[in-house]
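In what follows, a structure is listed as structure tokens, so that the remarks can point back to it.
First listed ligand is number 1; within each ligand, the first listed atom is number 1. Note: hydrogens, waters and symmetry copies are ignored here, and every other heavy atom, side chains too, is used. The first residue of the sequence shown is numbered 1, and numbering continues consecutively from there.
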Amino acid sequence: MSSPDEQGAAAEAPLTLAAFARMPITRLKGVGEKREKAFAALGIDNVLDLLMHYPRRYIDRTNEASITDLVPGEEAMVLARVERVSSRKTKNRRTLTTVTVRDRTAQLTCTFFNQPWRERQLQPGTEAVFFGKVDIFRNARQMTNPVVDLVGDKTGRIVPVYPQSEKAGVVTWEIGGAVEEVLRRSASRGIADPVPADVRSQYRLVTRSDAILGIHAPESMGQMVEARKRLVFDELLRVQLALVLRKRALEAVSQGIPHDSGRGLVQRFHANLPFALTGAQQRAIAEIDADLAKPVPMHRLLQGDVGAGKTLVALSALLVGVQGRYQGALMAPTEVLAEQHYIGIRALVADLIIPDDATLLGERPVRVELLTNRTTQSERKRLAADLASGAVDLLVGTHALIQDSVAFRSLGVVVIDEQHRFGVEQRAALRDKSANDAAPDVLVMTATPIPRTAAMTVYGDLDVSVLDELPPGRTPIETQWSRTEADEAAVWQLVRDEVAAGRQAYIVCPLIDESETLEVRSAQETYDELAHGELASLRLGLLHGRMPSADKEQTMRAFRERELEVLVATTVIEVGVDVPNATVMVILDAARFGIAQLHQLRGRVGRGVHISYCRLVGEANTPDGEARLEALVRTTDGFELAEIDLDLRGEGTIMGERQKGRNDLRLASLRRDRDWVERAREAAFALVDADPGLAAHEQLRVEMELILGDNDTEFLLKS
Ligand code: ADP
Ligand code: MG
């Protein structure tokens, strides 16, 4: 099975994954052009694909149910041999195939409707696994339309069952047979192990050879478990190596600024606050200060639930820069958010004075400016001059900040809010905005809590600080799911009552994924309906994404100043809007939203001294929808909700944009294997820090590129 280029001197070297990847599947016995196509339909083009096509489950022959023990009404799985098979047409012209099977204990009848090909598939003597619900028909046990896995003539105690494709016509025993052939033919050369022996023994991992054998042809379930562990580690290690290399590359590329956090401005800022910092805020600030003091640029993620007080932490970081006469920038994803940050930050720094020799008094207040697409041309000009001279200390804005015309005198710290909306390139662009050579420190904030292990995987090139504690005195948010019409009537009564008590309310319109136009129309309809119906006596405003931003801001301002009592909106209010007097959040057709989004929306209330309410309106049409709404009712803890979300949706969606194309996590689950995520990360750091270019680990590098693909490893080749 070795190809010409593998023969000769290296012929006896153990086989690497790269070598397996170079072997087309046609190298196997009985795989010609036709079978090649069939395998390709399963995503198997080469021998490596085949080896990474792992069994879906296993049948332990000593453990499986025997036919005599089957309980009518329950689902069961039996391994049995076909004795007889026959087909006939029923009265209503359907094909009925009856298959009689037997194990060592008894007989079972399996019936299939309209699957005439079963007669060919289940020839007498065939061994197969039948999975289905058992019932009793004419005194005999039977299964109707069971799931069938052909296992072939296996003698092993444990039979692997592969994901198969009836459409492509590849069944589990064919895959099993092909895998067996590969294992047999590669036995003499063996399979190379790129993970050093000391790492293997540290984590008690079997060799790769044993792992590949143990996952495909285990002699015991225990052996399979050990094999899986090792393969999970390999998957996670490849991802972590890529991330850690990227992290170290980022740190190595540029000279940073060793900020001094010891001087008085930040202390004065904290002393002036009307409240004490939470323990979590103090911890995060200390972590950030330590990063800022280092001569390498910071790349840190600040995670925290809605309302955890991230802005304050970010501002502390910006002010460390300012006190050393550096400028700071805060970039937000929307104008509403940028404006909100601008107002908030101005208020927070209002009393802060910094020395400035260029002024008459030798000191001046900290100066904050706003830059969005709405900033006029003449304002822009003035701003540009003041940024270049250093007269502006902090610039808050949208992605207008990364336009070409913006240049800072000396950008020291950059904060990016709501990272998931910005790409990596945009981050880089902002970093390059400074006239001085040193790269600014970067803090990324996200208000979407994600579980720790997911954060390590998705944001693994960043250090992470977590605000896992809300400031004291938060009013609880009472959440209910309003499923019925009567419930909904009570919702509108609640809105009227709260407004009568001087509070305000948000009403979020149904999410329409397919089209913003439809969404806007539905928001308009909801608004009209409420304005003429249930909420006719209240002052309503409408906010949606298609409004000119001047109107948007006008509406937000009116709501903030209580000219409007109720704000009917699309999800544009999802992030950042902060009106402490608002106490009701009504979400229509709530089951259409994801957990994170619902949590964000709910976080818009509960920000003042009054008790707040969240009402999730409408039926859930799916079990997942039901689980989501129930979770929201049960807990307000964002991290707990994030775990539930991971449970419901799996890793794929969490990885999202950032991980596009990364499909290496075949066996590993960020949830089940969370300990292994941490171990793999630890191992990756140890390997990279001992050998920054992985020069001594050529195979690991090759594997990363081979399996993770270009996107993820591009940076490695660049650096
Ligand atoms: P986040 O950005 O994490 O959602 P913010 O920074 O907007 O949260 O803070 C939410 C609110 O809590 C703000 O009004 C802020 O002034 C207030 N806040 C922040 N930190 C504290 C604290 N330690 N004690 C009391 N209130 C705080
Ligand atoms: Mg905020």
Side-chain angles (χ1 to χ4, degrees), residues 266-267 269-288 300-319 328 330-334 336-352 368 394 396 415-422 443-450 455 464-477 504 506 556 559-560 571 573-583 585 596-610 612 614 636-639 641-642:
V266 182
Q267 279 84 338
F269 168 58
H270 290 161
N272 283 349
L273 290 172
F275 43 73
L277 297 174
T278 65
Q281 282 172 322
Q282 286 172 17
R283 250 188 334 270
I285 288 172
E287 285 163 1
I288 290 167
R300 185 171 283 275
L301 175 74
L302 178 62
Q303 262 212 81
D305 212 338
V306 193
K310 292 183 291 295
T311 312
L312 210 86
V313 174
L315 184 54
S316 297
L318 291 168
L319 289 175
L330 189 156
M331 185 156 78
T334 65
V336 173
L337 248 184
E339 158 124 337
Q340 203 107 40
H341 274 307
Y342 172 67
I343 293 171
I345 287 177
R346 264 179 83 116
L348 282 166
V349 304
D351 299 327
L352 287 179
V368 190
L394 297 176
V396 179
V415 175
I416 300 174
D417 194 7
E418 315 295 351
Q419 128 92 25
H420 55 287
R421 311 203 178 197
F422 292 108
L443 181 68
V444 174
M445 300 198 283
T446 167
T448 313
I450 52 176
V464 180
S465 291
V466 181
L467 293 185
D468 52 4
E469 180 186 349
L470 291 183
R474 282 292 151 82
T475 52
I477 303 172
Q504 290 163 282
Y506 298 103
M556 271 317 298
F559 188 67
R560 224 179 277 131
T571 50
I573 62 156
E574 182 186 344
V575 281
V577 173
D578 191 4
V579 179
N581 191 52
T583 55
M585 169 59 68
Q597 224 174 357
L598 290 170
H599 181 63
Q600 283 293 320
L601 288 168
R602 177 167 62 181
R604 299 303 111 208
V605 297
R607 309 195 134 219
V609 293
H610 305 285
S612 289
C614 175
T636 51
D637 180 334
F639 284 94
L641 287 169

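Summarising the geometry of L348 relative to F269, their closest heavy-atom pair is O-CE1, 3.8 Å, with the distance given to 0.1 Å. Annotation for A332 and D417: closest pair CA-CB, 4.3 Å, computed over non-hydrogen atoms.
With ligand atoms numbered from 1 in the order given, ligand 1 contributes 23 (N) to contacts under 4.0 Å with heavy atoms of T278. Listed by atom number, the atoms of ligand 1 under 4.0 Å from L277 heavy atoms are 23 (N). Close approach of ligand 1 to R607 is summarised as follows: ligand atoms under 4.0 Å from at least one heavy atom of the residue are 4 (O). Residue-ligand proximity, D305 to ligand 1, at heavy-atom distances under 4.0 Å covers atoms 3 (O). When each atom of ligand 1 is checked for a heavy atom of A276 under 4.0 Å away, the hits are 22 (C), 23 (N), 24 (N). Residue contact check: T311 has heavy atoms under 4.0 Å from atoms 2 (O), 5 (P), 6 (O), 7 (O) of ligand 1.
Rounded to the nearest 0.5 angstrom, N581 CG and R607 CZ are separated by 13.5 Å.
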Please evaluate residues V466 and L302 with respect to the criterion side chain to side chain contact (heavy atoms under 4.5 Å, CB included), reporting the C-alpha separation (whole Å), side-chain torsions for both, the decisive distance (0.1 Å), and the verdict.
CA-CA 6 Å; V466 181; L302 178 62; over 6 Å; no
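Looking at heavy atoms from C-beta onward, V415 lies out of side-chain contact with M331 at the 4.5 angstrom threshold. T583 is not listed as a side-chain neighbour of V605, based on a closest heavy-atom distance of 4.5 Å or more.
Tested against S465, the residues Q281, K310, E287 include a single side chain to side chain donor-acceptor pair (under 3.5 Å) partner, E287.
Here's the thing with G307: one of its N/O atoms is less than 3.5 angstrom from an N/O atom of ligand 1.
Within the 4.0 Å heavy-atom criterion, neither part of M445 lies near ligand 1.
The closest heavy-atom contact to atom 9 (O) of ligand 1, among the options G309, G279, A308, comes from G309.
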